[in-house]
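Following: one structure in structure tokens, then a few remarks.
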Amino acid sequence: MPIYENRHNAENQIRIAPESLAMVNNGFEASIKSIAAAVQQRKSCCLILDGWYGIDWKKIVPVLQKQLNNAPALSCSPIFYPAEQLAELKKEWITEDPCFGKVNDSGTIDDFIDPARVTAFENSCPDGFVIIYGSGALKCFSDCQSALRCYFDMTADPMLWQMWNGELIPIGADEPRKDYAWKEYYYNDFYILQRHKAAWLGKCDLYCEAVETETMTAMPVAVFQEILAALANQPMKQIRTYSPGPWGAYRYRQLWDIPGLENNAWNRLAGADLSLLIELENGVKINIPSVDLLIDNAVAFVGEFPARAYPGLIPVEIWLDDGYFPTPQPAERTSMPIHNHPGTEYTKRHFNEPLGRYETYYIVEAYPGANTWMGFNNDACTEQWDTECRKSWQDQKPIPDWKNYIANWQTNVGDLFLIPEGTTHGHGGNQMVLEMDTCGNAAGGEYSFFGYDFMRPTWDDNKKTMTGKPMKMHLERYFEIDKGFRADWVQKNLRARPVVTAWNQEYSRDRYTTLPQMPFEIDRIHFMKRAESSTEGKYLQAATLTVGTSVIIRSKADPSRCCRIERLQCALIPAGFGDYEIINEDYGASTVVFWQLKDSLMQD
């Protein structure tokens, strides 16, 4: 699935100590020279370069060799088990399921390293100074006191492009593995790489942000940790992403310029695998994975309960589901697949995930024909729906009377749908949906079980046409968890309504009704000039501006800790942020919609 980024107003400005700022080296040449200088200053016996997948070692290492008197350089790939054995070790997590795997919830990179090979590798290293590089390199000469250790970081999106293009080099390899696929990364490799980074980052000397090699930035690890601590104590914006798809629409063309994007099906405002763009006081920008904040700042960022119950996880995802079409289109073009989502018990049992997928649809814009599919018509035969879906997939033919089964709801701005586990549903089009969800997969994968997608072709981003193969269905899982909710039940229980919880002359606040099985609350604040709120020291909040032009969210105790979001942009407000105010930068009314975990959940 191609991913396009939107970096407009994505910068998070932070302040660090002047002496720390002076140690940040920006640009490829400056970064390389700073690493070489650190080696020479320490009189190191070796330089160890570790990092995430996707680092351009073929460019970085030769330049460092030249800087360091043509020192020999060795890839750490020989310390891993042979390729066939690595595949066998990963089989448990990749599984036979064609669409989902099983999270390696406790494994480490050591499970894939042969101790005998490490010893042989170290013994075979030439006398004198040597450079060792690659993912896992820190496992070489781990007890050496004079080694200089560097960690090179990479964000998800450019790495995924390498994977899709067959260019990714995984552990144990020195050349791209053409057969490397997403399940191997999302269910095993992400977790072992993240645990490796968390265990070793504090033991490294230098941190290098190497998303774009030419603009690489190097700094002492202590400075990077200072940056993370500062960021974890202020509201932050993630870099938004977009992907085309078979129901993709076109409102984005009127709102944002996204080169290469031909329609907008998936638009993420916040999520586990989105990255953060940090701007320092000297104008230097670094782009880091959001999960880096969880290494040492998890409680300040997500709160004590999520840090304990969902370790390594940012438990929220915010999406913006485009649905604008300039001319009328059939429902089979404008609608998402008919699908449902599993709850926590199911994802724990089947996928080793700590949290299920629970959703809400909040309508931020509605156009003529705005609608949502949810539940079954009162007189629909769900057994026949099961038969029809299976036959459609087997015969590769659409279901002519599918609308007789799925209940349809006309929508307007401010409507909120609750979507607990097992609810058949789908965005119907002709509306802009703010989708506020939980996310159980720390790598950014999500659990949607597709039941029916109209047997339409999907998007081919190379040809820029709807000529791709139809999407895969997950019929066994879809029917296994579906609750069969009827329209009457949906109307009574899933069409939430706002209840006023606070009012004064500056602002009002309301909270939508909910169900016990939903793990989070949805609130709104309406104001003209200014409003106040609080994380109470325990709630990670996702705040999206749905009405208005732009607002500033800033701490009442320290106004320098702030961020500015524009309409349809989301800020993650760390749990430890405390009391804050929201300032309207324009005239007229503003509305901010909030996601936060329920207090009752955190007391369990």
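Note: hydrogens, waters and symmetry copies are ignored here, and every other heavy atom, side chains too, is used.
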**Message:** For E184 and R177: C-alpha separation, side-chain torsions, deciding distance, then whether salt bridge (charged side-chain N to carboxylate O under 4.0 Å, His left out) applies.
**Reply:** CA-CA 12 Å; E184 190 169 343; R177 243 189 60 202; 2.7 Å; yes
Roughly how far, to the nearest 0.5 Å, is the [atom2] atom of [Y] from the [atom1] atom of [X]?
{"X": "L276", "Y": "I288", "atom1": "CG", "atom2": "CD1", "answer": "5.5 Å"}
{"X": "L294", "Y": "N297", "atom1": "CG", "atom2": "CG", "answer": "8.5 Å"}
{"X": "L231", "Y": "L228", "atom1": "CG", "atom2": "CG", "answer": "7.0 Å"}
{"X": "C99", "Y": "K183", "atom1": "SG", "atom2": "NZ", "answer": "7.5 Å"}
{"X": "L74", "Y": "C76", "atom1": "CG", "atom2": "SG", "answer": "10.0 Å"}
{"X": "I3", "Y": "S243", "atom1": "CD1", "atom2": "OG", "answer": "5.0 Å"}

Report yes or no: does [X] contribute a side-chain atom to a donor-acceptor pair with the main-chain N or O of [Y] at less than 3.5 Å?
{"X": "N165", "Y": "Q162", "value": "no"}
{"X": "N123", "Y": "T119", "value": "yes"}
{"X": "S34", "Y": "N25", "value": "no"}
{"X": "E209", "Y": "T217", "value": "no"}
{"X": "T347", "Y": "T344", "value": "yes"}
{"X": "S31", "Y": "A218", "value": "yes"}
{"X": "H339", "Y": "P337", "value": "yes"}
{"X": "N188", "Y": "I94", "value": "no"}
{"X": "Q145", "Y": "D143", "value": "yes"}
{"X": "D461", "Y": "P244", "value": "no"}

Would you check if there is a donor-acceptor pair between the side chains of [Y] and [X] at a distance under 3.5 Å?
{"X": "R477", "Y": "N340", "value": "no"}
{"X": "E446", "Y": "S448", "value": "yes"}
{"X": "N441", "Y": "E353", "value": "yes"}
{"X": "S275", "Y": "N287", "value": "yes"}
{"X": "H341", "Y": "E359", "value": "yes"}
{"X": "Y191", "Y": "N352", "value": "no"}

**Asked** Within a radius of less than 6.0 Å around NZ of K464, do more than 12 heavy atoms belonging to other residues, nucleotides or ligands occur?
**Response**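 Enclosed: over 12 neighbouring heavy atoms sit under 6.0 Å from NZ of K464.
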**Asked** Does a sphere of radius 6.0 Å around CD in E212 hold more than 12 heavy atoms from other residues, nucleotides or ligands, not counting ones at 6.0 Å or beyond?
**Response**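 At most 12 heavy atoms, drawn from other residues, nucleotides or ligands, come within 6.0 Å of this atom.
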Are side-chain heavy atoms of [X] and [Y] found at a separation under 4.5 Å?
{"X": "K102", "Y": "W93", "result": "yes"}
{"X": "D189", "Y": "Y53", "result": "yes"}
{"X": "P246", "Y": "M471", "result": "yes"}
{"X": "E88", "Y": "K91", "result": "yes"}

Can you list the residues that meet the ring pair (Phe, Tyr, Trp, His ring centres under 6.0 Å) rule with [X], with sequence neighbours excluded?
{"X": "H350", "value": "Y346"}
{"X": "W595", "value": "F520"}
{"X": "Y242", "value": "W256"}
{"X": "W52", "value": "F190"}

Applying side chain to side chain donor-acceptor pair (under 3.5 Å), can you list everything that pairs with [X], at least two apart in sequence or on another chain?
{"X": "K33", "answer": "E29"}
{"X": "D157", "answer": "none"}
{"X": "Q238", "answer": "S290"}
{"X": "T438", "answer": "none"}

Taking the basic N atoms (NZ, or NE/NH1/NH2) and the acidic carboxylate oxygens, is any pair closer than 4.0 Å for [X] and [Y]?
{"X": "K197", "Y": "D50", "answer": "no"}
{"X": "E317", "Y": "R268", "answer": "yes"}
{"X": "E345", "Y": "K348", "answer": "no"}

Report, one line per pair, each donor and acceptor closer than 3.5 Å where one atom sits in a side chain of residues 131-141; sequence neighbours left out.
| unit_1 | atom_1 | unit_2 | atom_2 | d |
| --- | --- | --- | --- | --- |
| S135 | OG | G51 | O | 2.7 |
| K139 | NZ | D110 | OD1 | 3.0 |
| K139 | NZ | D110 | OD2 | 3.3 |

**Asked** Does the separation of the ring centres of F100 and Y447 fall below 6.0 angstrom?
**Response**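 Centroid distance F100-Y447: below 6.0 Å, so yes.
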**Item:** Selection residues 11-24 - residue pairs positive for side chain to side chain donor-acceptor pair (under 3.5 Å), sequence neighbours left out
**Value:**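 Those involving residues 11-24 are E11-K285, Q13-E279, S20-E226.
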**Message:** Angle between ring planes, Y186 versus W182, binned at 30° and 60°: parallel, tilted or perpendicular?
**Reply:**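 Geometry flag for W182 against Y186: perpendicular rings.
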How close do [X] and [Y] get, heavy atom to heavy atom, and via which atoms?
{"X": "I171", "Y": "L86", "value": "O-CD1, 3.8 Å"}
{"X": "S75", "Y": "F121", "value": "O-CE1, 3.3 Å"}
{"X": "L64", "Y": "A36", "value": "CD2-N, 4.4 Å"}
{"X": "N9", "Y": "K237", "value": "O-NZ, 3.2 Å"}
{"X": "L274", "Y": "L269", "value": "CD1-C, 3.8 Å"}
{"X": "Y310", "Y": "L355", "value": "OH-CD1, 3.7 Å"}

**Message:** Assess the residue pair R42 and D205 against the criterion (salt bridge (charged side-chain N to carboxylate O under 4.0 Å, His left out)); give the C-alpha distance rounded to whole Å, side-chain angles, the decisive distance to 0.1 Å, and a yes or no.
**Reply:** CA-CA 11 Å; R42 178 178 292 189; D205 302 285; 2.5 Å; yes
**Message:** Assess the residue pair N104 and Y187 against the criterion (side chain to side chain donor-acceptor pair (under 3.5 Å)); give the C-alpha distance rounded to whole Å, side-chain angles, the decisive distance to 0.1 Å, and a yes or no.
**Reply:** CA-CA 6 Å; N104 186 342; Y187 286 97; over 6 Å; no
**Message:** Considering only residues two or more places apart or on different chains, which pairs with a residue in residues 146-172 satisfy ring-ring contact (aromatic ring centres under 6.0 Å, His included)?
**Reply:**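 Those involving residues 146-172 are W57-F152, W161-W164.
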**Prompt:** Applying ring-ring contact (aromatic ring centres under 6.0 Å, His included), which residue pairs with at least one partner in residues 205-240 are found, sequence neighbours left out?
**Reply:**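 Applying ring-ring contact (aromatic ring centres under 6.0 Å, His included) to every pair that reaches into residues 205-240, excluding sequence neighbours, yields Y207-F224.
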**Message:** Working note: Q85 + F80, criterion side-chain contact (heavy atoms from CB on, under 4.5 Å); need CA distance, chi angles, decisive distance, verdict.
**Reply:** CA-CA 9 Å; Q85 196 167 349; F80 290 91; over 6 Å; no
